[in-house]
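Please read the structure below before turning to the comments.
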Protein chains: 2
Amino acid sequence: MPLKLENRIPDIVIGRLPLYLRALNRLKQEGIEVTSSHELGQRLGISSAQIRKDLSHFGGFGKQGTGYQINFLITKLQSVLKINQRWQVAVVGAGNLGSAISHYRGFQDRGFEIAWLFDADESKIGQQVGRFTVQAISELKKVISENKIQIAMVAVPAEQAQEVADILVDAGIRAILNYAPINLTVPDHVMVQYIDPVVHMQHMTYYLDENA
Amino acid sequence: MPLKLENRIPDIVIGRLPLYLRALNRLKQEGIEVTSSHELGQRLGISSAQIRKDLSHFGGFGKQGTGYQINFLITKLQSVLKINQRWQVAVVGAGNLGSAISHYRGFQDRGFEIAWLFDADESKIGQQVGRFTVQAISELKKVISENKIQIAMVAVPAEQAQEVADILVDAGIRAILNYAPINLTVPDHVMVQYIDPVVHMQHMTYYLDENA
DNA sequence: AACTGTGAAGTTTTTCACAGCC
DNA sequence: GGCTGTGAAAAACTTCACAGTT
């Protein structure tokens, strides 16, 4: 997924930046204006050295003796992650999950706007789901290319997910957040990230005691 | 989260097992009975060497010259991950997200049963959400300890998430899947895994072109 | 006095490559 | 011939520790 062509900064570092950003926004909400790698690390369960090293990839955001100006660091990280703009996102799948995604308020202020909701199911097309009118998947390619959409979420059953991904790729999508519990096959120029709660649950059960 | 006291097998390995399992079940569904580290790796975008090394931690599951018997490997991995039993799970938060979780069918056949749905909101208590009657959070401790529940999902707004986590910890929960976009502070003996779609999205935008 | 940024050291993770078995 | 399991090598990642700045 790193799309690595002369990839200077490790992908694992990039993956942590959104976590830093989330914690920083939290600190800001609490009225705190300056923080340190140590404080941030405590909150995140990450060593302070790692935070300093990660941030150092992008230039000196901190001040020796003082720490990091929270507002400044937030702005810088947003810029690095290119979320100093609002990305429009298409959602495919208007079932329970797609509906929950459409209703979720948490995308707005973190760089994303859910802008379209598609479904393959005839009976759902034209229906209102939250603030969206469900559109036919046959419209997808046109909508996505006309609006230069680069990001989509897949919220259809596993059986249809690959087919939907193929359509998205064909339409020119560059990044997919896949909620279906299945690995997608896509060309190299397309990124996929996965959300599968069961994977996290199964990871944790390894460490639990089987109950009597 | 590894809970590391004489932790022989790396947590990163454990984290991949659910992915292997998911892919194996897929292969099985396709009617395939035997696979190889190479085939599995192709599907997952992981090297065959890594898969062999990961699996070797648990004993010789494969046959030289042949590969891995899918049914056998599935059984073994289920056993390693302790999902050869059904874990009962409590969900806290009966909003859009909690409702979507409650309706999701995908937990059943992968080791988990959503068994209770709680909410703090007076007006929601007693309401029917899917097959659940929403219960008051004041009942939580009793229900969880009486039923020896070890796993919970947090699906409340960020502002309430830490408070809910504290209640869960107090009730004896050992593993939390947190959907709220906030880092939880819990004692060492409690694991937390996070689901925050925005984190994945922000990870991907780093690699996208800002659009004109 | 407090904290950053960073080379160097240390640790973990991945890949290589091949002996051994089917 | 095909494939696993595994030491050894390589690469990646994290932590240490401290010089340098405020």
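These numbers come from the heavy atoms of this one structure, side chains and all, not from hydrogens, waters or symmetry mates. Since we're looking at a predicted model, the values are computed, not measured. Chain letters run A, B, ... following the sequence lines, proteins first, then strands; residues in each count from 1.
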Check whether NZ of the Lys or CZ of the Arg A:Arg22 lies under 6.0 Å from the centre of the six-membered ring of B:Tyr194 and within 45 degrees of that ring's axis.
-> yes

Take the protein atom NE2 of B:His38 and the nucleotide atom P of D:dG5, then report the distance between them rounded to whole Å.
-> 17 Å

Rounded to the Å, how far apart are B:Ile9 CD1 and D:dT6 P?
-> 13 Å

d(OH, B:Tyr68; P, D:dG2) in whole Å | 17 Å

Per the atom types in the model, does the base of C:dT4 pair as donor or acceptor with the side chain of A:Gln64 at under 3.5 Å?
-> yes

Side chain of B:Ser36 (C-beta onward), nearest among D:dT22, D:dT15, D:dC3 | D:dC3

Out of D:dT4, C:dT4, C:dT15, whichever nucleotide has its closest atom nearest the side chain of B:Ser47 | C:dT15

Integer-rounded Å distance: C:dG7 P and A:His57 NE2 | 11 Å

Hey, is the main chain of A:Lys82 close enough, under 3.5 Å, to the side chain of A:Trp87 for a donor-acceptor pair?
-> yes

Which part of the nucleic acid does A:Ile12 contact within heavy-atom distance under 4.0 Å: base, sugar-phosphate only, or nothing?
-> sugar-phosphate

Which nucleotide, D:dT6, D:dC16, D:dC3, lies nearest any side-chain atom of A:Ala49?
-> D:dC16

Can you tell me how far P of C:dA2 sits from CG of A:Leu40, to the nearest Å?
-> 19 Å

Closest listed nucleotide, where the reference is the side chain of B:Arg52 and the choices are D:dC3, D:dT15, D:dT6 = D:dT6

Do A:Asp11 and B:Tyr206 have a side chain donor and acceptor closer than 3.5 Å?
-> no

Listed nucleotide nearest any side-chain atom of A:Ser56, set D:dT21, D:dC3, C:dG5 = C:dG5

Is the backbone of B:Gln108 close enough, under 3.5 Å, to the side chain of B:Arg86 for a donor and an acceptor to pair up by distance?
-> yes

Whole Å only: how far is the CD1 atom of B:Ile51 from the C1' atom of C:dT13?
-> 15 Å

Is any side-chain N or O of A:Gln50 closer than 4.0 Å to OP1 or OP2 of D:dT14?
-> yes

Euclidean distance, atom NZ of residue A:Lys76 to atom C1' of C:dT4 [Å, nearest integer] | 17 Å

Choose from C:dT14, D:dC13, D:dT15 the nucleotide whose nearest atom is closest to any side-chain atom of A:Lys53.
-> D:dT15

Which residue lies toward the 5' end of DNA chain D, B:Ser37 or A:Asp54, if each is placed at its nearest nucleotide?
-> B:Ser37

Tell me which nucleotide among D:dT22, C:dC22, C:dT15 gets nearest to the side chain of B:Thr66.
-> C:dC22

What is the ring orientation for B:Phe107 with B:Tyr104, classed by angle as parallel under 30°, tilted 30 to 60°, or perpendicular over 60°?
-> perpendicular

Counting any heavy atom closer than 4.0 Å, what does B:Ser48 reach on the DNA or RNA strands: base, sugar-phosphate only, or nothing?
-> nothing

Atom-to-atom span, CG of B:Leu55 to P of D:dT6 - whole angstrom | 11 Å

Nearest-nucleotide pick for A:Pro10, side chain only, options being C:dT14, C:dA8, D:dC13 | D:dC13

Ionic contact status for A:Arg43 with A:Glu30, cut-off 4.0 Å = yes

